[in-house]
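These notes are about the structure you will find just below.
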There are 2 protein chains.
Amino acid sequence: MDTAEGVADPRGAGVRRRRGGRVPTASMADVARLAGVSSQTVSRVSNGYAGVTEETRQQVLAAMKELGYRPNSAARALKRGEFRTIGVITFSLATTGNVRTLEAIATSAAGEGYAVTLLPVAVPTQDEVRGAFSRLEELAVDAVIVIMEVHLLDAATLTLPPHVQVVVVDSDAGDHYTVVDTDQAGGTRAAVRHLLDLGHRTVWHLGGPEDSFAAQRRTDAWRRTLAEAGRTVPPLVRGDWSARSGYLAGLELAAREECTAVFAANDQMALGLMRALHEHGRRVPEDVSVIGFDDIPEAGSFLPPLTTVHQDFAEVGRLCVEAVLRKMRQDGPERGTTLVPTRLVTRASTAPPPR
Amino acid sequence: MDTAEGVADPRGAGVRRRRGGRVPTASMADVARLAGVSSQTVSRVSNGYAGVTEETRQQVLAAMKELGYRPNSAARALKRGEFRTIGVITFSLATTGNVRTLEAIATSAAGEGYAVTLLPVAVPTQDEVRGAFSRLEELAVDAVIVIMEVHLLDAATLTLPPHVQVVVVDSDAGDHYTVVDTDQAGGTRAAVRHLLDLGHRTVWHLGGPEDSFAAQRRTDAWRRTLAEAGRTVPPLVRGDWSARSGYLAGLELAAREECTAVFAANDQMALGLMRALHEHGRRVPEDVSVIGFDDIPEAGSFLPPLTTVHQDFAEVGRLCVEAVLRKMRQDGPERGTTLVPTRLVTRASTAPPPR
DNA sequence: CCACGGCATGTTTGCGTAAACATCGCGCAG
DNA sequence: CTGCGCGATGTTTACGCAAACATGCCGTGG
């Protein structure tokens with residue numbers, strides 16, 4: 001029982017195959033002919049318009065079914081001038097945050113009747129991004145969301161082609177574009193204050209890579225919070241988000257007796273950090289408190305379970321879609337940044353400092 | 001300097017705006033007019049055809065640039081009969097495997113000049129899948145890849161509409177569809193044998209959820225491998241892929257003195273399992289060996305670093321794209337399963353059993 | 001009894017592109 | 001000097017759909 005066979009070809013003996021031997025699909029005209037109506041009536045049925053007799057409607061539906069008719073989205077898009085598709089540019093799906101955000105975007109978009117087209121950019125240079133944009137423009141896309149967690153390598157700010165509705169996640173381009181982001185500063189402040197409130201004299205920081213906006217903000221907020229509290233700011237240690245880099249950085253920190261509390265810029269690095277501390281006989285949380293950022297699903301199963309800052313990725317995704325659709329419909333050059341609040345999740349990895 | 005002006009507008013003084021105040025975009029005709037050539041010549045330049053004088057070409061390019069011309073993908077798709085887009089149906093982006101596969105698909109597809117449209121399906125009932133398919137068909141998509149890690153809830157096998165080129169990841173529908181999958185059995189065998197070779201009398205198994213194909217295969221292969229080696233098959237313990245479920249299952253296993261080796265169906269569950277063992281004073285690997293599956297990036301940073309079965313998701317994604325494009329182009333109803341080999345990564349969580 | 005309104009349906013047209021076919025002009029062979 | 005061939009460019013047309021407009025039919029009120 002294969003796909004196309006046995007259907008009386010109303011166009012006569014024409015085989016009607018495109019290059020490559022594609023299976024021909026039924027058009028509205030085919031359906032119209034079979035149902036004995038005009039193609040416009042088929043269109044009306046297809047789009048659920050009123051003003052079609054129930055009897056006619058049934059005939060058309062029957063014909064559609066018989067021919068396996070599917071509206072041709074290219075033609076429809078051409079006529080309507082929109083694709084109901086949102087493009088998403090992302091530099092990597094390796095980080096939890098990006099993936100969760102993407103998933104939320106896809107779900108929200110689906111709820112609005114939009115699909116999501118993915119466009120991965122290998123290297124985040126401005127040229128690459130621009131290239132991605134031209135590809136997207138030639139693609140079937142009405143608007144674009146850029147999930148950007150890394151600085152553009154060759155330019156301080158993001159410059160993009162006009163005529164495209166853009167919403168950016170996790171950037172500092174709020175004065176040029178619409179930006180939706182987690183409240184990095186608020187989350188960081190909560191984390192650092194939590195440790196200070198437990199009695200630690202200061203808080204060390206295992207920061208993310210230099211080229212990441214999110215990392216930069218967390219580091220800035222860490223410094224600011226300590227400064228506001230009048231504490232000394234220990235030297236910054238950097239990782240690259242990976243657990244491995246957290247481990248390496250942890251080797252350094254484990255050697256420092258005076259380090260009793262560490263704020264890691266994400267949970268993976270916190271994981272590696274804790275391993276290094278463990279290997280060097282420094283217990284968590286008795287000797288050293290560790291706090292993370294993100295609240296990945298596994299964080300509660302680390303050894304010990306990790307206190308961390310929970311990010312609401314679903315909300316970020318939802319807001320992105322909302323913002324981009326709003327921009328699309330109103331064509332308003334709306335700018336500014338929307339912040340999504342975080343929540344501190346207290347688990348076993350933080351405790352008062354040793355006496 | 002707007003796009004359509006000074007042009008004899010057959011519809012009268014129409015401003016040529018679509019509903020919603022969309023910015024009108026330049027068409028080939030606009031470019032042609034400005035460049036003083038025919039639209040066909042613009043088309044030729046746009047598609048890089050030979051047979052256009054360099055001089056003409058430059059004029060056209062200049063005109064394109066001035067008008068900010070972008071080919072209209074809807075029209076192009078309508079004419080060409082293809083979108084150069086692959087749809088991906090996925091039930092969840094929560095698991096590492098799905099995400100990594102998706103990323104690889106997107107990258108491979110981009111390499112072939114194809115984009116990827118994402119279609120998340122909330123609940124994996126057959127109706128939902130079929131619904132996703134109809135949406136996809138109405139969408140701008142030439143072929144579909146289904147990343148399916150969960151059984152359909154209301155049917156044993158996957159039934160899908162005709163006329164669509166489909167490749168399925170991680171399924172048992174190889175006799176009906178083209179399937180690409182990790183060699184679950186091979187990986188499992190390697191894991192179990194590794195533990196047996198270390199001297200363990202048998203291997204316990206922390207399986208994945210019942211409704212997952214992958215989990216089922218790993219469980220089957222575990223049983224088979226033990227049987228082949230003439231070992232007793234301990235009772236199966238199940239989790240749901242999450243670290244938390246691994247922890248809960250671990251509480252059970254930790255109580256069993258005779259359990260010296262556990263094969264967890266994924267790394268997250270292994271993580272939770274190790275936490276439970278730790279809490280009950282059973283050391284890994286001295287008292288109990290633990291092996292995982294997937295080799296997530298963090299696996300090397302667990303306490304202790306996890307021995308696990310490495311999956312080559314990139315290869316899976318690549319093969320999917322390759323297969324689906326091949327099917328598309330040849331229209332061959334090619335079936336069967338392609339297996340991607342795994343690799344055992346030995347780290348610190350496995351050792352000979354205690355004497 | 002006819003006109004008019006309203007509803008179901010049909011016809012025309014154009015969206016932007018590119019294949020197929022038509023034309024034009026130039027250079028070179030005869 | 002003429003004609004032929006070929007390369008460069010123009011013209012026509014169709015892709016499938018749906019808005020805009022046209023038609024035809026019915027019933028009702030004057």
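It should be emphasised that the depicted structure is a prediction, and the values quoted were computed from it without experimental measurement. Only heavy atoms go into these numbers, but all of them, side chains included; no hydrogens, no water, no symmetry mates. Below, chains carry the letters A, B, ... as their sequence lines are ordered, and counting in each starts from 1.
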**Request:** Round to the nearest Å and state the distance from F83(B) atom CZ to dG16(C) atom C1'.
**Result:** 14 Å
**Message:** Taking side-chain contact (heavy atoms from CB on, under 4.5 Å) as the criterion, tell me which of V141(B), T117(B), L118(B) meets it with T117(A).
**Reply:** T117(B)
**Fill in**
Per atom distances to the Q40(B) side chain, the nearest of dG10(C), dA18(C), dC17(D) is dA18(C)
**Request:** Run the salt-bridge test on E82(B) and R84(B) with the 4.0 Å N-O cut-off and return the result as yes or no.
**Result:** yes
**Asked** In whole Å, what is the span from the CD atom of E54(A) to the C1' atom of dC7(C)?
**Response** 16 Å
**Asked** Would you say R80(A) reaches dC15(C)'s phosphate, i.e. side-chain N/O to OP1/OP2 under 4.0 Å?
**Response** no
**Request:** Let me know the distance between CG of N72(A) and C1' of dG16(C), rounded to the nearest Å.
**Result:** 14 Å
**Asked** What is the distance from atom CG of L102(A) to atom CG of L102(B), rounded to the nearest 0.5 Å?
**Response** 7.0 Å
**Item:** Separation of dA8(C) P from Q59(A) CD (nearest whole Å)
**Value:** 15 Å
**Prompt:** Should R76(A) be listed as having a side-chain N or O under 4.0 Å from OP1 or OP2 of dG16(D)?
**Reply:** no
**Request:** Starting at atom NZ of K79(B), determine the distance to atom C1' of dG14(C), rounded to an integer number of angstrom.
**Result:** 15 Å
**Asked** How far does CG of D142(A) sit from CD1 of I86(A), to the nearest 0.5 angstrom?
**Response** 8.0 Å
**Message:** So that I can tick it off, tell me whether E103(B) and R100(B) are bridged by a salt bridge, with the cut-off set at under 4.0 angstrom between side-chain N and carboxylate O.
**Reply:** no
**Asked** Is the distance from OP1 or OP2 of dA18(D) to the nearest side-chain N or O of S39(A) less than 4.0 Å?
**Response** no
**Item:** Closest-nucleotide 5' rank along DNA chain D - winner of T53(B) and M28(A)
**Value:** T53(B)
**Item:** Stretch residues 41-48 of chain B: residues that reach within less than 4.0 Å of DNA chain C through a heavy atom
**Value:** S43(B), N47(B)
**Asked** On DNA chain C, nearest-nucleotide positions of A75(A) versus R57(A): which is more 5'?
**Response** R57(A)
**Asked** Does a side-chain N or O from Y69(B) land closer than 4.0 Å to OP1 or OP2 of dT17(C), or not?
**Response** yes
**Fill in**
Rounded to whole Å, CG of D30(A) lies from C1' of dC17(D) at a distance of 13 Å
**Request:** Please state whether the phosphate of dA8(C), meaning OP1 or OP2, lies under 4.0 angstrom from any side-chain nitrogen or oxygen of Y49(A).
**Result:** no
**Item:** Rounded interatomic separation in angstrom, taking CG from L78(A) and P from dT13(C)
**Value:** 18 Å
**Atom-pair distance (CZ on R70(B); P on dG16(C)), nearest Å** = 17 Å
**Request:** Might you point out which heavy atoms bring A106(A) and V116(A) nearest each other, and give the distance in Å?
**Result:** CA-CG2, 3.7 Å
**V42(B) backbone acceptor or donor facing S46(B) side chain under 3.5 Å** = no
**Asked** Just to confirm, is there a sub-4.0 Å distance from OP1 or OP2 of dG16(D) to any side-chain nitrogen or oxygen of S27(A)?
**Response** no
